Amino acid sequence: MVDTVIIILTITVTCILVAVLAYTVLCIIRLIKRYRQEKHSGIKTELTLKKWVSHYRPARRRLIQVYTALLYNVNIKGFISGSIYQGDTKILCVPGINCYSCPGAVAACPLGALQNALSASDKKAPYYIVGIILLFGILFGRTVCGFFCPLGLFQELLYKIKTPKLPKSRFTYFLSYFKYIILIMFVIALPLAFMSSGTSVPAFCKYICPGGTLGGAIWLLVHPANADMFAMLGLLFLIKFGVLIIIIVACVFVYRGFCRFLCPLGAIYGLFNRLAPLGVKLQKERCTECGACVSSCKMDIRIVGDHECINCGECADSCPTKAIKCQGFLYESSNLCKETSDAVAQVRREIDAVVPKKSKRFGKSAIAWCAALAVLLGAFVFYNFLDTQYVPNEQTVYSVGDICPDISLELYGDGKFSLSETDADIVIINFWATWCGPCVTELPEFERIAHYYGERVSVVAVHSAMITEKDGQYGVLTFINTKRDIYDDSRTWADYSIMFAQDTGDGIGGNVYSMLGGKSLYPMTVILDSSHKIVFIRQGSVTFDILKEQIDVFLKTA
């Protein structure tokens with residue numbers, strides 16, 4: 001099964017890279033051909049390369065889309081090392097969908113953060129995340145979808161592939177409301193349903209989100225350093241991978257198929273579209289209700305600026321009365337979408353030849369882009385060279401067959417766990433976190449092991465260093481002191497055989513975690529024999545049967 005997944009991933013990534021390269025080459029050839037035709041035609045004999053570049057350069061919206069995608073994923077060393085950045089800025093959310101688990105991501109996705117917050121024990125977290133999303137919605141509305149979402153850019157590039165397209169209709173307009181069902185069920189209802197059990201279930205990210213599969217899982221899996229992650233793959237990944245393929249194919253034939261029919265973040269932002277100061281606004285006193293704007297729009301709008309409008313500004317060129325006003329610095333004064341007809345482009349070239357552009361406007365635009373590029377360059381230098389907070393210290397990484405050095409950790413509650421003072425035949429170290437759903441789900445398996453083998457096996461659950469609170473009001477202590485229905489629901493985790501310890505915070509996720517080969521993924525389990533030699537390491541969930549099989553092999557040979 002793992003070999004099949006590797007083959008599928010390799011073919012998919014290769015096809016995507018080849019398609020992007022081929023499309024880039026074709027665009028260059030097409031533009032050069034058009035330039036040569038216009039240069040040697042009798043219509044425009046004075047067309048220079050400088051003027052040609054000014055007319056056929058990418059639109060400002062496209063440049064902003066590319067810029068934001070680069071800024072969100074400026075941690076290039078994450079792609080090189082195959083690890084996830086977990087610095088301080090990961091507590092912040094970007095406006096669009098950009099997976100937290102993407103190796104280059106330097107901030108969180110608002111949808112993932114919202115789902116985790118709804119099922120978190122920290123009651124303040126939902127207010128914080130909801131407040132951020134509301135702020136984005138009030139300021140930008142669905143302008144975020146049109147300008148600041150990398151997943152939206154990816155869909156638009158897919159749609160440019162030359163194939164027959166599915167036109168919008170009443171059926172597609174009806175389907176556009178399906179994303180509100182996704183929002184209610186997968187983003188709100190399911191996380192809240194699991195809140196009482198103490199398990200974090202980001203249902204949309206876990207079962208649907210193509211951004212997480214493409215930006216997170218695939219980018220991590222294709223890195224050679226993460227080859228052991230393939231052992232963690234199962235039916236859920238294959239389902240999500242299938243969902244990703246379906247969405248990619250659909251977006252080739254349907255403009256922004258995911259954005260229109262499935263994206264719950266767009267559903268939220270659409271509620272604020274008419275309130276946002278930035279975006280496309282309709283001047284009703286100049287509108288003749290000819291319908292040209294609605295007909296030219298590729299989204300399922302009924303009127304300019306409604307909840308389905310992504311404020312791209314392309315409809316402004318189709319309005320005969322110029323009733324559509326583009327508000328904000330995001331738009332250009334002319335040639336908004338760079339996809340106007342040849343006749344309109346010819347007229348604009350003739351006008352530009354007679355009426356020069358204002359140098360003042362050009363100066364402001366140049367200053368703005370220089371400042372933006374300076375920010376991008378500064379972020380690149382900071383995240384790739386200066387920010388060493390979550391870079392593990394130079395230390396020996398131990399693997400199977402090595403003798404584990406002495407480990408001494410503070411236990412939650414009273415006492416310490418010291419490996420050198422443990423008399424058990426087998427020591428199991430489980431690295432987990434309260435915010436990790438699979439981690440919480442598998443804890444009863446470790447309790448069963450401890451109960452089954454008694455004093456011969458010692459189990460310590462080492463919590464990740466990546467926690468925001470360590471006091472008794474909420475966080476790990478609240479989890480440990482919460483009733484758990486395993487054998488007796490009147491007891492808490494503190495009453496069981498598992499010891500709960502806190503990892504130190506020197507490395508990625510913790511010093512002990514990094515020392516034993518942790519790669520920012522939870523859960524992870526390490527088994528030591530009586531001489532403290534490492535006999536088993538597994539990144540990913542384990543079961544009672546898996547643990548028992550490993551323990552029995554050692555006990556029989558001991």
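Everything numeric in this text was worked out from a predicted model, so none of it was measured.
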When you measure from the side chain of Arg260 to the backbone N and O of Met299, does any donor-acceptor pair fall under 3.5 Å?
no
Throw together a table of side-chain donor-acceptor distances under 3.5 angstrom for residues 140-153, partners on residues two or more places apart or in other chains.
| residue | atom | partner | partner atom | Å |
| --- | --- | --- | --- | --- |
| Arg142 | NH1 | His307 | O | 3.2 |
| Thr143 | OG1 | Phe140 | O | 2.9 |
| Thr143 | OG1 | Asn311 | ND2 | 2.9 |

Go through the structure and list residues passing side-chain hydrogen bond (donor to acceptor under 3.5 Å, both in side chains) with Tyr159, not counting sequence neighbours.
none
Rounded to the nearest 0.5 Å, what's the gap from CD1 on Ile310 to NZ on Lys298? Could you check?
9.0 Å
Does Ser318 use its side chain to pair, donor to acceptor, with the backbone of Cys315 at less than 3.5 Å?
yes
Would you mind listing every salt bridge (charged side-chain N to carboxylate O under 4.0 Å, His left out) that reaches into residues 171-194, with sequence neighbours excluded?
Lys179-Glu308
Can you tell me how far the CD1 atom of Ile182 sits from the CD1 atom of Ile188, to the nearest 0.5 Å?
12.0 Å
From CG (Leu158) to CZ (Phe154), nearest 0.5 Å:
4.0 Å
So do Leu70 and Val74 actually touch side chain to side chain, heavy atoms under 4.5 Å?
no
What do the steps show when you test Tyr269 against Leu265 for side-chain contact (heavy atoms from CB on, under 4.5 Å), and what is the final call?
CA-CA 6 Å; Tyr269 289 149; Leu265 190 60; 3.5 Å; yes
Main-chain N/O of Gly279 paired with Lys325 side-chain donor or acceptor, under 3.5 Å:
no
Would you mind reporting whether Ser296 and Glu314 have side-chain heavy atoms less than 4.5 Å apart?
no
Which value, rounded to the nearest 0.5 Å, describes the distance between Glu156 atom CD and Cys312 atom SG?
7.5 Å
Atom pair CD1/CD1 of Ile80 and Ile76 - distance to nearest 0.5 Å:
7.5 Å
Checking side-chain polar atoms at under 3.5 Å, does Gln539 have a donor or acceptor matched by the opposite partner on Tyr522?
no
If we only count heavy atoms from C-beta on, is the Val381 to Leu386 side-chain gap below 4.5 Å?
yes
Heavy-atom nearest pair, Asn273 first then Asp306, reads ND2-O, 2.6 Å
Result of checking Ile133, Ile129, Val130 against Pro110 for side-chain contact (heavy atoms from CB on, under 4.5 Å)
Ile133
Are Tyr255 and Lys165 close enough that some pair of their side-chain heavy atoms sits under 4.5 Å apart?
no
Got a donor-acceptor contact below 3.5 angstrom from the Thr321 side chain to the Arg286 backbone?
yes
Heavy-atom closest pair, residues Gln155 and Phe258:
OE1-N, 3.0 Å
Do Ile84 and Leu220 come close enough that some side-chain heavy atom pair is under 4.5 Å?
yes
Show, in sequence, the C-alpha distance, side-chain angles and deciding distance for Phe204 and Leu114, and conclude whether the side-chain contact (heavy atoms from CB on, under 4.5 Å) test is met.
CA-CA 11 Å; Phe204 175 77; Leu114 176 61; over 6 Å; no
Quick one: does Lys168's side chain have a donor or acceptor within less than 3.5 Å of a partner on Cys297's backbone?
yes
Less than 6.0 Å separating the ring centroids of Tyr173 and Tyr177?
yes
Determine, step by step, whether Tyr207 and Leu236 satisfy the side-chain contact (heavy atoms from CB on, under 4.5 Å) criterion, reporting the C-alpha distance in whole Å, the side-chain angles of both residues, the deciding distance to 0.1 Å, and the verdict.
CA-CA 8 Å; Tyr207 301 113; Leu236 179 59; 3.7 Å; yes
Just distance, no hydrogens or angles: give the donor-acceptor pairs under 3.5 Å from side chains in residues 90-109, sequence neighbours left out.
| residue | atom | partner | partner atom | Å |
| --- | --- | --- | --- | --- |
| Lys90 | NZ | Tyr85 | O | 2.6 |
| Lys90 | NZ | Tyr100 | O | 2.9 |
| Asn98 | OD1 | Asn73 | ND2 | 3.0 |
| Asn98 | ND2 | Asn73 | OD1 | 3.1 |

Phe272 side chain near Leu134 side chain, heavy-atom distance below 4.5 Å:
yes
Residue pair Thr172 / Phe261, side-chain heavy-atom distance below 4.5 Å
yes
Who passes salt bridge (Lys or Arg N to Asp or Glu O under 4.0 Å) against Lys206, sequence neighbours left out?
none
Donor-acceptor contact present, side-chain Gln327 to main-chain Lys281, <3.5 Å
no
Here the gap from Arg256 atom CZ to Ser176 atom OG, rounded to the nearest 0.5 Å, amounts to 14.5 Å
Tell me if a side-chain donor or acceptor on Asn384 pairs with a main-chain N or O of Lys77 at a distance below 3.5 Å.
yes
Using a 3.5 Å cut-off and no angle test, enumerate the donor-acceptor pairs between side-chain atoms of residues 237-250 and protein atoms at least two apart in sequence or in another chain.
| residue | atom | partner | partner atom | Å |
| --- | --- | --- | --- | --- |
| Lys240 | NZ | Cys205 | O | 2.6 |
| Lys240 | NZ | Cys209 | O | 3.3 |
| Lys240 | NZ | Thr213 | OG1 | 3.4 |

Of the non-hydrogen atoms in Ser169 and Asp300, which two are nearest, and what is the gap between them?
O-OD1, 4.0 Å
Any idea which heavy atoms bring Gly328 and Leu278 closest together, and the distance?
CA-CD2, 3.4 Å
